[in-house]
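Following: one structure in structure tokens, then a few remarks.
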Amino acid sequence: MGVAVVTGAGGSLGRAIALRLAQDGHRVAVTDVVEGTLKDTADAVSAVTDQVWSRVVDLRDETALAAFFDEVPRVLGPVSLLVNNAAVYPTVPFLEMTPADYETVHAVNQRGYWLCAQLAGRQMTARPTGDDRSIVNVASITMHGGWEHLAAYVTTKGAAVAMTRALARELGPHGIRVNAVSPGAFKTAAEEIHHDPEAYDAMVLERQSLKRRGTSAELAAVVSFLTGPDAAFVTGQTVEVNGGWVMA
Ligand SMILES: NC(=O)c1ccc[n+]([C@@H]2O[C@H](COP(=O)([O-])OP(=O)(O)OC[C@H]3O[C@@H](n4cnc5c(N)ncnc54)[C@H](O)[C@@H]3O)[C@@H](O)[C@H]2O)c1
């Protein structure tokens with residue numbers, strides 16, 4: 001078992017992923033831009049393992065990110081798993097979105113994923129192969145059908161999948177696997193962008209093949225699979241976790 005970094009770990013899915021990776025036996029470094037929710041996650045993970053370390057980092061700040069990745073090996077050991085999970089999802093009509101709005105979404109959801117993958121990848125390639133090393137990028141069901149007023153977000157999620165394939169190609173010879181997980185609709189803070197929760201819930205259930213809402217733990221279980229030994233020959237893939245809403 002190795003050292004896992006989870007970004008956006010203060011959020012619901014990030015917390016579930018951090019918990020699950022700790023339960024799998026990994027040491028876990030968690031990060032988020034929001035101190036309070038990150039602390040809650042670190043507390044929850046510390047009930048599973050004492051090998052947990054948290055640090056507030058804004059993914060837009062490349063200096064802080066580099067310092068974070070430098071610190072992880074000193075505290076827990078060299079990074080062997082990265083889950084790029086943090087995201088922002090402002091709802092703005094496309095024709096009204098300013099370049100600054102777009103830059104923010106891109107800086108977190110795409111450039112942030114890129115920088116983390118690069119910083120983690122450098123640590124992973126700096127030592128001999130042997131342990132299982134991998135990266136999981138969190139995409140979104142919205143990349144398939146688009147979503148009104150989320151064009152920037154949807155764009156970055158499509159980019160996360162394209163980046164997954166490019167990095168899988170380039171890092172595979174180093175023994176590093178790179179996959180993506182694409183969540184459908186999970187009940188997290190992200191759902192608050194939908195103004196009528198009951199109508200949204202009904203719409204989700206109508207579109208899903210499975211007539212119940214998925215849980216964060218079920219999403220985390222797929223991340224666990226992708227980072228674990230049963231997926232040792234799986235790379236460059238995107239796993240849809242959406243109750244059969246989109247079948248890709
Ligand atoms: N919930 C869903 O239904 C759903 C659907 C599709 C995809 N996703 C994806 O799942 C992932 C987790 O989403 P969630 O639903 O748990 O949402 P969330 O908002 O609860 O979690 C996102 C986390 O990212 C953090 N974050 C935002 N800006 C940051 C920054 N600049 N630096 C560092 N951290 C930052 C937030 O503080 C938050 O804790 C995201 O990538 C999201 O796009 C979620």
Side-chain angles (χ1 to χ4, degrees), residues 5-20 29-42 44 54-65 67-69 82-91 101 103-117 135-147 150 152-161 163-164 180-194 197 200-201 203-205 207-208 213-220 222-223 238-243 245-246 248:
V5 169
V6 182
T7 72
S12 305
L13 296 183
R15 182 171 304 163
I17 291 165
L19 269 170
R20 178 59 196 256
V30 287
T31 182
D32 201 290
V33 74
V34 179
E35 188 170 7
T37 53
L38 178 63
K39 183 179 180 312
D40 292 344
T41 293
S54 68
R55 172 65 49 92
V56 173
V57 180
D58 187 330
L59 286 190
R60 293 170 295 180
D61 180 346
E62 66 195 68
T63 307
L65 257 187
F68 170 78
F69 276 92
L82 166 68
V83 183
N84 267 325
N85 166 76
V88 288
Y89 33 82
T91 52
D101 292 335
E103 303 275 336
T104 301
V105 179
H106 180 265
V108 178
N109 302 9
Q110 218 298 297
R111 186 173 179 274
Y113 279 34
W114 171 281
L115 291 173
C116 288
I135 297 172
V136 174
N137 297 311
V138 179
S140 165
I141 190 173
T142 57
M143 71 185 172
H144 293 291
W147 203 278
L150 277 176
Y153 171 83
V154 173
T155 301
T156 60
K157 292 304 183 177
V161 170
M163 187 179 89
T164 296
V181 64
S182 176
F186 289 82
K187 289 190 175 183
T188 70
E191 192 147 312
E192 288 161 18
I193 64 173
H194 305 288
Y200 180 72
D201 192 54
M203 184 274 292
V204 169
L205 294 178
R207 292 188 185 188
Q208 286 181 187
R213 299 298 299 275
T215 66
S216 297
E218 288 172 319
L219 190 277
V222 177
V223 175
T238 300
V239 179
E240 306 288 337
V241 189
N242 60 36
W245 179 338
V246 165

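Ligands are counted one by one from 1 in listed order, and the atoms in each one are counted from 1 as well. For the single chain, residues carry numbers from 1 onward in sequence order.
Among Val83, Asn84, Asn85, Val57, the residue whose heavy atom lies closest to atom 41 (O) of ligand 1 is Asn85. If you check each of Val88, Val34, Leu38, Thr188 against atom 1 (N) of ligand 1, the one with the closest non-hydrogen atom is Thr188. If you check each of Ile17, Val154, Val33 against atom 26 (N) of ligand 1, the one with the closest non-hydrogen atom is Val33. Nearest residue to atom 24 (O) of ligand 1 from Ser12, Ala87, Gly11 is Ala87 (criterion: closest heavy atom). Across Tyr153, Tyr89, Tyr113, Phe186, heavy-atom proximity to atom 8 (N) of ligand 1 is greatest for Tyr153.
Between Gln110 and Lys157 there is no side-chain heavy-atom pair separated by less than 4.5 Å. Two residues are said to be in side-chain contact when any heavy atoms from C-beta on lie closer than 4.5 Å; Val181 and Leu219 meet this criterion. Two residues are said to be in side-chain contact when any heavy atoms from C-beta on lie closer than 4.5 Å; Val33 and Leu59 fail this criterion. The shortest distance between side-chain heavy atoms of Val223 and Arg20 does not fall below 4.5 Å. Within the 4.5 Å cutoff, the side chain of Pro183 has no heavy atoms near those of the Asn242 side chain. Considering only heavy atoms from C-beta on, Arg60 stays 4.5 Å or farther from Leu65 through its side chain.
With hydrogens left out, the protein atom closest to atom 16 (O) of ligand 1 is Leu13 N, 3.1 Å, a heavy atom. The protein heavy atom nearest to atom 9 (C) of ligand 1 is Val138 CG1, 3.6 Å. Residue, atom and distance of the protein heavy atom nearest to atom 5 (C) of ligand 1 are Gly184 O, 2.8 Å. Scanning all protein heavy atoms for the shortest distance to atom 37 (O) of ligand 1 gives Asp32 OD1, 2.6 Å. Residue, atom and distance of the protein heavy atom nearest to atom 32 (N) of ligand 1 are Leu59 N, 2.9 Å.
The ligand atoms of ligand 1 that sit less than 4.0 angstrom from a heavy atom of Asp58 are 30 (C), 31 (N), 32 (N). Taking every non-hydrogen atom of Ala190 and a distance limit under 4.0 Å, the qualifying atoms of ligand 1 come out as 1 (N), 15 (O). Using a 4.0 Å cut-off to heavy atoms of Ala139, the atoms of ligand 1 that qualify are 7 (C), 9 (C). With ligand atoms numbered from 1 in the order given, ligand 1 contributes 3 (O) to contacts under 4.0 Å with heavy atoms of Ala185. Atoms of ligand 1 lying under 4.0 Å from at least one heavy atom of Lys157, given by number and element, are 40 (C), 41 (O), 42 (C), 43 (O). In the vicinity of Val108, heavy-atom distances shorter than 4.0 Å reach the ligand 1 atoms 28 (N), 29 (C), 31 (N). Against a heavy-atom cut-off of under 4.0 Å, Ser140 is close to the following atoms of ligand 1: 6 (C), 7 (C).
Listed for the Glu218 side chain is a donor-acceptor partner under 3.5 Å among the backbone atoms of Thr215.
Among Ile135, Val108, Asn137, the single residue meeting the side-chain contact (heavy atoms from CB on, under 4.5 Å) criterion with Tyr113 is Asn137.
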Requested in this report: Would you sort out whether Trp147 and His194 count as a ring pair (Phe, Tyr, Trp, His ring centres under 6.0 Å), showing the intermediate values?
Outcome: CA-CA 11 Å; Trp147 203 278; His194 305 288; 5.6 Å; yes
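For the pair Thr37 and Arg15, the tightest heavy-atom approach, listed with the atom from each and the gap, is O-NH2, 3.0 Å.
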